[in-house]
K.L.:
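After the structure tokens below, expect a handful of questions from me.
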There are 2 protein chains.
Amino acid sequence: MTDAVDEAAGADEAADESFGSVTPDAARRLLLGAVEAFAERGFHATTTRDIAGRAGMSPAALYIHYRTKEELLYQISRVGHERSVRILGAAAETGDTAAERLDAAVRTFVRWHAEYHTTARVVQYELSALAEEHYTEIVAMRRRTEEILRTILSDGVAAGEFTVADVNGTALAVLSLCIDVARWYRSGGPRTPDEIGGLYAGLVLRMVGAEPRGV
Amino acid sequence: MTDAVDEAAGADEAADESFGSVTPDAARRLLLGAVEAFAERGFHATTTRDIAGRAGMSPAALYIHYRTKEELLYQISRVGHERSVRILGAAAETGDTAAERLDAAVRTFVRWHAEYHTTARVVQYELSALAEEHYTEIVAMRRRTEEILRTILSDGVAAGEFTVADVNGTALAVLSLCIDVARWYRSGGPRTPDEIGGLYAGLVLRMVGAEPRGV
DNA sequence: GTCTATAGGGAGATAGAC
DNA sequence: GTCTATCTCCCTATAGAC
């Protein structure tokens with residue numbers, strides 16, 4: 001079977017990009033190697049030799065910890081989605097007004113996509129390489145993400161804070177803004193993840209017609 | 001060598017998704033097969049057998065018209081980028097005010113990404129599979145795209161139409177909105193490409209703090 | 001220009017020693 | 001648990017007949 005690939009509650013290590021709690025050590029190194037390789041080249045262009053090499057092991061060692069190459073992608077995708085949904089969900093409960101919650105949600109979600117852009121790139125753009133059953137499971141988690149944003153927008157409209165003609169379409173647009181950060185973000189660029197989060201939160205508040213807060 | 005893969009000026013066929021002018025017929029069918037396959041599975045997961053099969057030919061026939069599988073991707077990417085830049089550039093000259101030009105640019109660019117989402121998906125998300133020289137060439141074309149948006153935003157700020165703190169960052173955000181449509185759009189969804197274009201143009205005008213026009 | 005057949009190279013995954 | 005060696009499959013690209 002597979003080694004323990006579960007999230008420990010409090011883990012937030014930057015270097016491990018949220019896989020810090022994976023044990024044993026070899027399994028974690030393989031997972032981190034796979035994240036890097038999949039992010040760089042994509043799942044199908046990545047060889048098991050490459051992954052094992054990044055983990056400092058022989059190709060065969062991979063199969064002690066994971067049944068297939070696809071299972072590595074699945075674990076990355078599953079843990080990555082769990083974490084991103086949790087982070088977004090927590091932020092979406094921060095604040096009394098819908099505007100505050102939307103600000104926190106976008107700020108946090110964007111920051112996650114920038115800071116952990118390597119993981120995020122795999123999480124967001126390699127879905128189609130998942131086995132069908134795994135794909136189905138992950139898609140369900142992704143619906144939670146959309147749901148969270150839709151709820152904030154609906155709440156804001158109901159409370160008279162936002163002016164949004166098409167809640168579903170606008171939620172999709174907000175999500176696009178956040179997700180696409182993982183595609184273009186590079187470490188060492190002109191903006192920090194925090195700055196991008198702040199910029200995008202402001203843009204989104206305007207998008208939904210929220211009154212400027214404290215400007 | 002390669003058969004003629006150039007854009008005929010007036011071609012806008014929906015079915016051919018902008019490759020209608022490629023000749024001879026077999027070369028075009030292969031290109032269209034490749035677009036479909038690359039969009040569905042990605043470049044590396046697509047086999048030349050699959051591409052040739054979609055074109056109703058044997059695997060070997062592919063090499064009469066294209067030197068390698070990568071050349072197919074290159075032609076798709078090149079023609080697709082040429083077309084998308086031209087469409088965006090034309091829209092960006094439509095209108096007297098910056099707001100009108102931004103509206104037209106976003107509306108048109110989004111519509112293109114939805115209507116030709118199959119081509120757009122390859123154009124936007126398979127870049128990393130290009131050979132290095134081809135990649136370099138395509139990246140240069142992509143800079144034109146960013147440039148067009150930055151110019152509209154700068155003009156709008158200079159004219160006092162927009163309130164934008166970070167022109168570069170905001171241009172990137174606008175681009176994200178447009179591009180990401182190719183990722184999630186499915187034919188037969190609840191919104192037409194035109195509706196999405198209209199929705200997104202409105203969202204973007206709000207993002208840049210443009211006064212509501214005619215609302 | 002298109003086909004059938006196949007060369008040549010890796011890829012994912014396994015066997016079995018240590 | 002990890003390694004070396006290797007199996008087996010299938011992919012890209014080519015050869016040569018038609």
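Residue numbering restarts at 1 for every chain, and letters A, B, ... go by the order of the sequence lines.
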K.L.:
Hey, are R86(A) and E82(A) close enough for a salt bridge, meaning a charged N less than 4.0 Å from a carboxylate O?
P.N.:
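No, R86(A) and E82(A) are not salt-bridged.
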K.L.:
Can you tell me the distance, in whole Å, between the NE2 atom of H65(B) and the P atom of dA13(D)?
P.N.:
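Atom NE2 in H65(B) sits about 16 Å away from atom P in dA13(D).
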K.L.:
The criterion is side chain to side chain contact (heavy atoms under 4.5 Å, CB included); which residues satisfy it with T23(B), sequence neighbours excluded?
P.N.:
A4(B)
K.L.:
Side chain of S58(A), heavy atoms from C-beta onward: which of dT4(D), dT4(C), dT2(C) has the nearest atom to it?
P.N.:
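For S58(A), the side-chain atoms sit closest to dT4(D).
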K.L.:
Please enumerate all residues that pass side-chain hydrogen bond (donor to acceptor under 3.5 Å, both in side chains) together with T108(A), with sequence neighbours excluded.
P.N.:
none
K.L.:
With the side chain of A26(B) defined as its heavy atoms from C-beta on, choose the nearest nucleotide among dT2(C), dG1(D), dG1(C).
P.N.:
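It is dT2(C).
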K.L.:
Given dG1(C), dG1(D), dC3(C), which nucleotide is nearest the side-chain atoms of A61(B)?
P.N.:
dC3(C)
K.L.:
Under the rule for side chain to side chain contact (heavy atoms under 4.5 Å, CB included), what residues qualify as partners of P24(B), not counting sequence neighbours?
P.N.:
D3(B), A27(B), H65(B)
K.L.:
Using the ring pair (Phe, Tyr, Trp, His ring centres under 6.0 Å) criterion, which residues pair with F43(B)? Sequence neighbours excluded.
P.N.:
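Per chain and number, F43(B) pairs via ring pair (Phe, Tyr, Trp, His ring centres under 6.0 Å) with F38(B).
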K.L.:
Can you give me the N/O atom pairs linking the protein to nucleotides 12-18 of chain C at distances under 3.5 Å, or say none if there are none?
P.N.:
from: dG12(C); atom 1: OP1; to: T46(A); atom 2: O; distance (Å): 3.1
from: dG12(C); atom 1: OP1; to: K69(A); atom 2: NZ; distance (Å): 2.9
from: dG12(C); atom 1: OP2; to: T48(A); atom 2: N; distance (Å): 2.7
from: dG12(C); atom 1: OP2; to: T48(A); atom 2: OG1; distance (Å): 3.0
from: dG12(C); atom 1: N7; to: R49(A); atom 2: NH1; distance (Å): 3.1
from: dG12(C); atom 1: O6; to: R49(A); atom 2: NH2; distance (Å): 3.3
from: dA13(C); atom 1: OP2; to: Y63(A); atom 2: OH; distance (Å): 2.9
from: dA13(C); atom 1: OP2; to: K69(A); atom 2: N; distance (Å): 3.0

K.L.:
Once you round it to whole Å, what is the distance between P of dG1(C) and OH of Y66(B)?
P.N.:
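After rounding, the gap between these two atoms is 12 Å.
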K.L.:
For E93(B), check salt bridge (charged side-chain N to carboxylate O under 4.0 Å, His left out) against everything at least two apart and list the hits.
P.N.:
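Per chain and number, E93(B) pairs via salt bridge (charged side-chain N to carboxylate O under 4.0 Å, His left out) with no residue.
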